[in-house]
Amino acid sequence: MKMKVVIVGGVAGGATAAARLRRLDEQMEIIMVERSDYISYANCGLPYYIGGSIEDEKALTLQTPESFYHRFRIDVRTHQEVTKINALEKTVTIQNLENHTTYVESYDKLILSPGAKAILPPIDGVTHDNVFTLRTVEDTFKIHDYIQNHEVKKAVVVGAGFIGLEMAENLKEKGMDVTVVQLLDQIMTPLDKDMAAIVQNYLKHQGIELLLETSLTKIIKKDEDTWAVLDNHKEIACDMILMAVGVQPDSQLAKTAGIALGIKGAIKVNAHMQTNIEDIYAVGDAVEVKHFITQKDTLISLAGPANKQGRIAADHICGINSRYKGSQGSSILKLFDMQIAATGLNEKEAQTADIDYDYAIITSASHATYYPEAKNMYLKVLFDKADGTILGGQIVGYDGVDKRIDVLATAIRAKMTAYDLTELDLAYAPPFSSAKDPMNMIGFVIENILTDKVKQIHWSDVKDDEKAIILDTRTQLEYQRGHFPNALHIPLDELRERLIDLDQDKEIQVYCQSGLRSYLACRILSQHGYVCKNIAGGYGIYQQIEENKVMQSTGMRPCGIDEK
């Protein structure tokens, strides 16, 4: 007797599960129910259709119901919605959204892949026809058509996560004045504040107004104009508003069926993606998962994990002992010419997990500096202070960020240490990297800290007091362009001859532009009996942080963002 599987939701997790089931069992009856008109579409590509980078709307859908049937012989029912689960009878009630009729379908196994829904805060005016969210293909076409049919010159984006920033970029590329309103004190919560500061400076440099620690309180109409009213009583005139304040698991169907829920109402599952009710599985943005590093319950809504979970649920249904071992939140964002990526834990998460960690931060060229168009990237890597295990990483740059974050993601999954990073045999040619890749270099830096070859201090811990000397080891020209207040300036190449200028009873806190020359200075000083610490990240990171402070307090645009 052939098995019958019903799948609720036909995007990433649901479509992947359906295709995997068919590959494993040619005789199985598979029904996929999707309430929208589209299946297997590329959520992550939606902003780029609005911005014009993707011109053909058909490119957004990887499969159609017809192509899915012809390829896999799967019964795809679009514009239909599962409204009730009867777990005792193993049936679902389905409503046809076109003619509003309902019917009951039985199942042997049920997979829930309802995804997440955009959060729409309960404020006045949020239902105006020029206020949008972006989650589905239908949302995309609605925004696209509005822009095509109206003269949209000014846009407000509420929320500075992935969707908010991608939309800010794409609306700006279409010639609009864009203001981003963010409730938190930084953009992109996967980033730490120091790395977020680099991106925030760059956003300003691109002409986007960024309002941090600000909330939208209401939306009002004055004659034909729309005004976004903020909590500081400032009003912004605009032609459209995009609400991108986040998503929440779409788990009401599961809740009413008695399925156990967890964080933010996400569906609880085990490693096989099974819920607490027999023969019911759940995958994708609606489920609670374990964080790969901490093994604590978390909610990570990304396409990669959703696809993997769909495959695992299908495997288990077909008798394969596949297990989901957790998410680590690997992600990357394109923002104009900038690339921003993260994987694993950030500082806040490491602190919450009570991990004894430290981090190293370096500035490194994307490829050999003697080959044209090498551009700087900032790398920050968290590690366990006990054994150097890599815990997380963040990279901001203009080229080569994707391959470096993937190396870090792989290192975390393999539970590698900083010592392992130093030994990685990575591809090298001048147009692509350096003989010592940035991944090797960050490994060397962490190794030096772990083996006590150098002690480091972070900019947040640097204090201008009588107990320490802050030493700038850059060139005279670099020093004149900007330096830490009250820093003593001795270029690295003059240091040995000028040791007498340093008080040996004081701690020497050393910096250069990126951290390399200051490390060399620390090696010289320590071997001459001085107590010294290398300031992590160098002046480059300090400059970014200070420029961001100025930007936020005055609204002034930074003078420039260093690419080379």
Quiz item: When you measure from the side chain of E288 to the backbone N and O of A266, does any donor-acceptor pair fall under 3.5 Å?
Solution: no
Exercise. Test side chain to side chain contact (heavy atoms under 4.5 Å, CB included) on E447 and F383 and set out the steps.
Key: CA-CA 10 Å; E447 179 187 48; F383 60 93; over 6 Å; no
Quiz item: Taking all non-hydrogen atoms of both residues, which atom of P305 and which atom of Y324 are closest, and how far apart?
Solution: CB-OH, 3.3 Å
Self-check item: Main-chain N/O of N346 paired to E349 side chain as donor or acceptor, under 3.5 Å
Solution: yes
Practice problem: Dump the intermediate steps for side chain to side chain contact (heavy atoms under 4.5 Å, CB included) on I187 and L210, then the final yes or no. | Solution: CA-CA 9 Å; I187 63 169; L210 177 61; 3.9 Å; yes
Practice problem: For atom CZ of R496, decide whether the heavy atoms of other residues, nucleotides or ligands shown that lie under 6.0 angstrom number more than 12. | Solution: no
Quiz prompt | Side-chain heavy-atom pair V454, I449 within 4.5 angstrom cut-off | solution = yes
Quiz prompt | Nearest-0.5 Å distance, CD of residue Q328 to NE2 of residue H291 | solution = 7.5 Å
Practice problem: Examine distances only and state if a side-chain atom of K117 and a backbone atom of I119 form a donor-acceptor pair shorter than 3.5 Å. | Solution: no
Quiz item: Taking S433 as the fixed residue, which of R404, K403, H367 is the one that meets the side-chain hydrogen bond (donor to acceptor under 3.5 Å, both in side chains) rule?
Solution: R404
Exercise. Ignoring hydrogens and angles, tell me if any N or O in the side chain of W459 forms a donor-acceptor pair with the backbone of G538 under 3.5 Å.
Key: yes
Exercise. For K455, look at atom NZ and say whether over 12 heavy atoms of other residues, nucleotides or ligands are found less than 6.0 Å away.
Key: no
Self-check item: Rounded distance [0.5 Å steps], OG1 in T214 versus NZ in K234
Solution: 8.5 Å
Quiz item: Tell me, do F484 and D472 make a side-chain contact under 4.5 Å, heavy atoms counted?
Solution: no
Quiz item: Do N440 and T422 come within less than 4.5 Å of each other through their side chains, counting heavy atoms only?
Solution: no
Quiz item: Do you know which of V156, L134, V157, V158 makes side chain to side chain contact (heavy atoms under 4.5 Å, CB included) with M243?
Solution: V158
Quiz item: Does the side chain of T451 reach to within under 4.5 Å of the side chain of Y419, using non-hydrogen atoms?
Solution: yes
Quiz item: Between M338 and Y398, is a side chain to side chain contact (heavy atoms under 4.5 Å, CB included) present by the stated rule, with each step listed?
Solution: CA-CA 5 Å; M338 182 174 270; Y398 300 88; 3.4 Å; yes
Practice problem: Please determine if R517 and E478 form a salt bridge, counting it only when a charged side-chain N lies under 4.0 Å from a carboxylate O. | Solution: yes
Quiz prompt | Point-to-point distance, once rounded to the nearest 0.5 Å, from CD1 of I508 to SG of C532 | solution = 7.5 Å
Exercise. Taking all non-hydrogen atoms of both residues into account, name the closest pair between S327 and I300 and its distance.
Key: CB-CD1, 3.6 Å
Quiz prompt | Other residues, nucleotides, ligands: >12 heavy atoms within 6.0 Å of D387 CG | solution = yes
Quiz item: Are any of the side-chain nitrogens in D356 or K385 under 4.0 Å away from the carboxylate oxygens of its partner?
Solution: yes
Quiz item: Which heavy atom of A418 sits nearest a heavy atom of I446, and at what distance?
Solution: CB-CG2, 3.3 Å
Practice problem: Indicate the atoms forming the closest heavy-atom contact of A196 with Q186, along with that distance. | Solution: CB-NE2, 3.8 Å
Quiz item: Is the count of non-hydrogen atoms from other residues, nucleotides or ligands lying under 6.0 Å from K506 atom NZ greater than 12?
Solution: yes
Practice problem: For atom CZ of F432, decide whether the heavy atoms of other residues, nucleotides or ligands shown that lie under 6.0 angstrom number more than 12. | Solution: no
Quiz prompt | Residues S215 and D231: side-chain donor-acceptor under 3.5 angstrom | solution = yes
Exercise. For E507 and V531, indicate whether the former's side chain and the latter's backbone hold a donor-acceptor pair under 3.5 Å.
Key: no
Quiz item: Per the side-chain hydrogen bond (donor to acceptor under 3.5 Å, both in side chains) rule, which among H458, Q394, K380 passes with D194?
Solution: K380
Quiz item: Is the Y539 ring parallel, tilted or perpendicular to the Y511 ring (thresholds 30°, 60°)?
Solution: parallel
Quiz item: Is the closest side-chain heavy-atom distance between V445 and N534 below 4.5 Å?
Solution: no
Quiz prompt | Side-chain donor-acceptor contact under 3.5 Å, Y357 with E347 | solution = yes
Quiz item: Does a side chain donor of either Q544 or N201 reach within less than 3.5 Å of an acceptor in the other side chain?
Solution: yes
Practice problem: Inspect the surroundings of CG in D425 and state if more than 12 heavy atoms from other residues, nucleotides or ligands are less than 6.0 Å away. | Solution: no
Self-check item: Closest non-hydrogen atom pair, L335 against Y202
Solution: O-CE2, 3.2 Å
Self-check item: Validation row: I163, R135 side chains within 4.5 angstrom (heavy atoms)
Solution: no
Quiz item: Can you tell me how far the CD1 atom of I390 sits from the CG atom of D420, to the nearest 0.5 Å?
Solution: 8.5 Å
Self-check item: Donor-acceptor contact below 3.5 Å, side chain Y370 vs main chain P430
Solution: no
Exercise. Kindly indicate, with the supporting measurements, whether the criterion side chain to side chain contact (heavy atoms under 4.5 Å, CB included) is fulfilled by M195 and M188.
Key: CA-CA 10 Å; M195 300 297 281; M188 294 190 69; over 6 Å; no
Practice problem: Taking E547 for its side chain and Q543 for its backbone only, find out whether a donor-acceptor pair lies under 3.5 Å. | Solution: no
Exercise. State whether the number of non-hydrogen atoms from other residues, nucleotides or ligands found under 6.0 Å of E466 atom CD is greater than 12.
Key: no
Practice problem: Go through the side-chain N and O atoms of R413 and T343 and say whether any donor and acceptor fall under 3.5 Å apart. | Solution: no
Quiz prompt | The single option from L191, I332, I198, I405 passing side chain to side chain contact (heavy atoms under 4.5 Å, CB included) against I340 | solution = L191
Quiz item: At their closest point, which heavy atom of G51 faces which heavy atom of N170, and how far apart are they?
Solution: CA-OD1, 3.3 Å
Quiz item: Would you find a donor on one side and an acceptor on the other, under 3.5 Å apart, between the side chain of E166 and the backbone of P47?
Solution: no
Quiz item: Do S251 side-chain atoms and G265 backbone N/O form a donor-acceptor pair below 3.5 Å?
Solution: yes
Quiz item: Are any of the side-chain heavy atoms of I219 and I241 separated by less than 4.5 Å?
Solution: yes
Quiz item: Taking atom NE2 of H489 and atom CG of L471, what is their separation to the nearest 0.5 Å?
Solution: 8.5 Å
Exercise. Starting at CZ of R474, measure out to CD of Q476 and round the result to the nearest 0.5 Å.
Key: 10.5 Å
Quiz item: Mind checking whether L382 and I355 have side chains closer than 4.5 Å, heavy atoms only?
Solution: no
